[in-house]
Amino acid sequence: MKKVIDRQLELGGDKPEFYEVFARRDSAEPLTHIGSVEAPNAELAEARAWFVYDQHIWREMCIVPLSAIVTITERGSKSKVKVV
């Protein structure tokens, strides 16, 4: 069953931010990017990440604000890898 987030009901803030989600199933696995969520704050982003990416029993899950990520391959480039 596909999960649907009601953007109007759950958006919550004036300026939602994108958070990148990383996780690993056990301590031997590398921390891997599994997706992203949109939320007005880190607490709601955490809850949304657990809700959306619950297909595995994760040992560790982390969220990082997209604004905190420096994309090195885009330096000097006019095109962005991810447009938000």
Side-chain angles (χ1 to χ4, degrees):
M1 180 174 162
K2 184 178 179 182
K3 294 178 182 174
V4 178
I5 294 176
D6 184 335
R7 295 177 56 84
Q8 195 75 339
L9 181 67
E10 299 179 20
L11 201 54
D14 292 338
K15 293 184 78 178
E17 187 169 358
F18 285 91
Y19 292 82
E20 299 301 326
V21 183
F22 300 85
R24 70 175 106 213
R25 285 185 254 180
D26 62 57
S27 58
E29 281 188 355
L31 199 56
T32 304
H33 182 256
I34 59 169
S36 60
V37 293
E38 182 181 357
N41 56 56
E43 281 184 325
L44 195 51
E46 181 182 327
R48 288 180 180 173
W50 280 117
F51 178 77
V52 172
Y53 301 105
D54 71 344
Q55 69 270 35
H56 300 290
I57 298 171
W58 301 106
R59 169 102 176 153
E60 181 179 10
M61 181 182 282
C62 306
I63 57 171
V64 178
L66 181 61
S67 60
I69 295 176
V70 177
T71 307
I72 297 168
T73 54
E74 291 183 358
R75 279 195 186 145
S77 175
K78 292 182 180 178
S79 64
K80 297 283 185 187
V81 173
K82 186 170 186 174
V83 179
V84 288

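Since the model is a prediction, treat every value here as computed from it, not as a measurement.
Under the rule for a side-chain hydrogen bond (donor to acceptor under 3.5 Å, both in side chains), the partners of Glu17 that lie at least two apart in sequence or sit in another chain are Ser67. Applying the salt bridge (charged side-chain N to carboxylate O under 4.0 Å, His left out) test to Arg25 and every residue at least two apart in sequence or in another chain returns Glu29. Evaluation of the side chain to side chain contact (heavy atoms under 4.5 Å, CB included) rule for Ala28 yields Asp26 as partners, not counting sequence neighbours. Remark: Thr32 engages Pro30 in a side chain to side chain contact (heavy atoms under 4.5 Å, CB included) (not counting sequence neighbours). A search for side chain to side chain contact (heavy atoms under 4.5 Å, CB included) contacts involving Glu43 returns Asn41, not counting sequence neighbours.
A 4.5 Å side-chain heavy-atom check between Leu31 and Cys62 finds at least one atom pair inside the cut-off.
Here the closest non-hydrogen pair linking Gly35 and Glu20 is O-OE1, 3.5 Å. Closest non-hydrogen pair, Ala45 versus Val37, comes out as O-CG2, 3.7 Å. Of all heavy-atom pairs between Ala23 and Ile34, the closest is CB-CD1, 3.8 Å. What you find for Tyr53 and Trp58 is that their closest heavy atoms are O-NE1, 2.6 Å. Ile63 and Ala49 get closest at one heavy-atom pair: CG2-CB, 4.0 Å.
The CZ atom of Arg24 sits 9.5 Å away from the CZ atom of Arg59 when rounded to the nearest 0.5 Å.
When atom types are taken as modelled, the side chain of Tyr19 and the backbone of Glu46 share no donor-acceptor pair closer than 3.5 angstrom.
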